[in-house]
Amino acid sequence: FYGTILSLLIWKKKLFSFSGINAYYISGIFWCKVVAGMLYYFIHQKYYGGGDVVQYNHDAAILYTALPHDTFNYLKLILYPGGDYLPNDLLWYIKHTSYWSDKGTYLVVKLLAIFDLLSLGNAYINTLFYVCATFPGLLLLYMWGVQFIPAVKSYVLLSIFLLPQLLFWSSGIHKDGIIVSALGWILYTFDRCMVKKWDIKLIAMALLCCLVLLVMRGYEFLLLCPGLAALIWCSKKTSYSFLKIGISYALFFAAFFSVDAIFHLGFLNYMIQKQHLFYTLGNAHSSLKPFPLSANWYSFVYYAPAAVFRTLTTPNPFTAKAWFERVAGIEHLIYSIAVGIIMAKAYFAKKRFIPQTAFLCWYAIVLFLFIGWIVPTAGAIIRYSTSAFLIFSLFILIFAYSKSETHKRS
């Protein structure tokens, strides 16, 4: 019933017409994501003992039980951020759920608890609503990317919506779909502001997405900031944009290591702890040997190339043991071969960087770097690198097919 209503809104009312894509194409893409999201839930439930996605729906259902008899507490459960604060009147709910202390994950639970008002706790209907909620951000990311390569719109659609890894991980109920959607809102709004096309509602939504990104996966937001700042630097004079943005990220990491060392904030220790936590919680079949990091800048810089390489080459279809990891590895191998061919053609065509492609390239690299440093589990690397591969795919397409880059290499 809800799916029919949404389809009619897409066809008749042109619900997502702002993207400029034919309503029937949008409907087809939308339902591909819905089916992928439902498959995501089914696979985790049947083969992986439920995983986070089943627990999210379980916890949301517990929050929803407060609504009929204790509506005020339901509202507080939705509005409170979670974390270390433990209200006495909510202790029963906190005790019977799993994610209160993790503010980013608890956001997902709260979103599902709102969906439960209409779905009555049905996980598959929640998936439908989840895809609908995250879809506009991806469409905005498409609109941002397609302006550079309007002649190959279908390639942009494919890279954002239909690449298997991106389709699967951004459609299932988890942080990743929200994160890539938030990136779409932020990049599109930033681009509009750069050309002085101000829209208060759009800016407010982008700021909300910045907050969501900071809470859910803080390093993705922090790594985004130097790139956007460098884009402003490059807006007046685009020459040497790749070098300028590279310098911005080098200064960011220098400041990051220096501040941690001078003020003893423990950022590096925290990253090492996260690495070991991933390793101890990871599946034995997909665990990789953690990098022996120590809390000093030299250790992290020394293992930086290996960290990027690990993320780029995981999963490996030749060494994977789990069937799901092998399937993902084959897809990853095909993707890598296609990228190699496209980049070779771009090189011989003497393509040059513009600020946007330089930003996408560097942002993808630093995301690969952080994931490689922290995550020593192949299964988790696949999911955590969803947004990184989305950004990297856009870089490849815009770099290879934009006519504005065919003059000379900078």
Side-chain angles (χ1 to χ4, degrees), residues 33 37 40-41 44 50-67 73-87 90-91 93-119 121-123 125-138 140-141 169-186 189 204-225 270 274 277-278 367 370 374 380 383-384 386-387 390:
K33 287 185 66 62
Y40 180 98
Y41 181 85
H44 280 79
D52 286 339
V53 64
V54 173
Q55 190 65 41
Y56 293 158
N57 281 279
H58 170 269
D59 287 8
I62 291 177
L63 268 59
Y64 177 68
T65 60
L67 182 63
N73 272 348
Y74 171 80
L75 294 175
K76 287 198 290 185
L77 286 164
I78 297 298
L79 295 174
Y80 282 12
D84 296 329
Y85 179 51
L86 301 172
L90 301 181
L91 285 179
Y93 301 98
I94 296 171
K95 179 182 176 182
H96 288 83
T97 56
S98 304
Y99 299 108
W100 175 271
S101 60
D102 185 341
K103 294 181 180 180
T105 306
Y106 188 59
L107 272 178
V108 181
V109 175
K110 291 193 289 185
L111 184 64
L112 296 183
I114 295 171
F115 292 162
D116 282 350
L117 296 172
L118 296 176
S119 71
N122 186 294
I125 298 176
N126 281 342
T127 300
L128 176 72
F129 292 151
Y130 177 86
V131 170
C132 189
T134 56
F135 203 61
L138 291 175
L140 290 177
L141 188 61
W169 294 109
S170 68
S171 301
I173 296 174
H174 218 296
K175 295 179 185 178
D176 306 281
I178 298 173
I179 287 168
V180 295
S181 180
L183 286 173
W185 282 99
I186 294 167
T189 304
M205 187 63 189
L207 291 175
L208 177 61
C209 288
C210 287
L211 179 61
V212 168
L213 192 60
L214 180 61
V215 171
M216 280 196 164
R217 205 167 282 168
Y219 71 86
E220 294 208 24
F221 174 76
L222 294 175
L223 293 175
L224 181 65
C225 294
Y270 176 75
K274 290 289 287 185
L277 180 63
F278 266 111
L367 285 177
F370 254 70
I374 298 172
R383 180 171 64 82
Y384 269 71
T386 300
S387 52
L390 174 58

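None of the values given here were measured: they were computed from a predicted structure.
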Distance col, row I78:CD1 vs I114:CD1, nearest 0.5 angstrom, shows 5.0 Å

Report yes if the side chains of H174 and D52 come closer than 4.5 Å at any heavy-atom pair, otherwise no. yes

Determine the minimum heavy-atom distance between V180 and S170, stating which atoms define it. CG2-CB, 4.0 Å

Determine the interplanar angle of the Y64 and Y74 rings, folded into 0 to 90°, and report it as parallel if under 30°, tilted if 30 to 60°, perpendicular if over 60°. perpendicular

Do the side chains of S101 and I94 get nearer than 4.5 Å, heavy atoms only? no

Could you walk me through whether D176 and R383 satisfy the side chain to side chain contact (heavy atoms under 4.5 Å, CB included) test, starting with their C-alpha distance in whole Å, then the side-chain angles of each, then the deciding distance to 0.1 Å, before giving a yes or no? CA-CA 7 Å; D176 306 281; R383 180 171 64 82; 3.0 Å; yes

Please walk me through it: do I62 and V109 pass side chain to side chain contact (heavy atoms under 4.5 Å, CB included)? CA-CA 10 Å; I62 291 177; V109 175; over 6 Å; no

Taken to the nearest 0.5 Å, the spacing of L107 CG from I178 CD1 works out to 7.0 Å

Smallest separation among heavy atoms of D102 and K175, with atom names: OD2-NZ, 4.0 Å

State, to 0.1 Å, how close K33 and S171 come at their nearest heavy-atom pair, and which atoms those are. NZ-OG, 3.0 Å

F278 vs Y384, test: ring-ring contact (aromatic ring centres under 6.0 Å, His included). Steps then yes/no. CA-CA 12 Å; F278 266 111; Y384 269 71; 5.3 Å; yes

Yes or no on side chain to side chain donor-acceptor pair (under 3.5 Å) for Y106 and D59, after CA distance, side-chain angles and deciding distance? CA-CA 9 Å; Y106 188 59; D59 287 8; over 6 Å; no

With the side chain counted from C-beta on, respond yes when Y56 and T105 share a heavy-atom pair under 4.5 Å apart, and no when they do not. yes

Any side-chain heavy atom of T97 sitting closer than 4.5 Å to one from L63? yes

The reported gap from CG in L86 to CG in L91 (rounded to nearest 0.5 angstrom) is 6.5 Å

As a quick check of understanding, evaluate side chain to side chain contact (heavy atoms under 4.5 Å, CB included) for L224 and L183, giving each step before the final call. CA-CA 9 Å; L224 181 65; L183 286 173; 4.1 Å; yes

Kindly indicate whether the side chain of L112, heavy atoms from C-beta on, has any atom under 4.5 Å from the side chain of F129. no

Atom of A66, atom of Y93 and distance for their closest heavy-atom approach: CB-OH, 3.3 Å

Shortest non-hydrogen separation from F115 to A133 and the atoms involved: CZ-CB, 4.2 Å

With rounding to the nearest 0.5 Å, note down the distance linking CG in L390 to CG in L138. 7.5 Å

Taking side chain as C-beta onward, heavy atoms only, is P136 less than 4.5 Å from W185? yes

Between SG of C225 and CD of E220, what distance do you get to the nearest 0.5 Å? 12.0 Å

Evaluate the side chain to side chain contact (heavy atoms under 4.5 Å, CB included) criterion for residues W100 and L77: first the C-alpha distance (whole Å), next the side-chain angles of each, then the deciding distance (0.1 Å), finally the verdict. CA-CA 10 Å; W100 175 271; L77 286 164; 4.2 Å; yes

Looking at residues at least two apart in the chain, or sitting in another chain, which of them share a side-chain hydrogen bond (donor to acceptor under 3.5 Å, both in side chains) with Y41? none

Nearest heavy-atom contact between A113 and A60 is N-CB, 3.6 Å

With rounding to the nearest 0.5 angstrom, report the CD1 to CH2 distance, I179 to W169. 13.0 Å

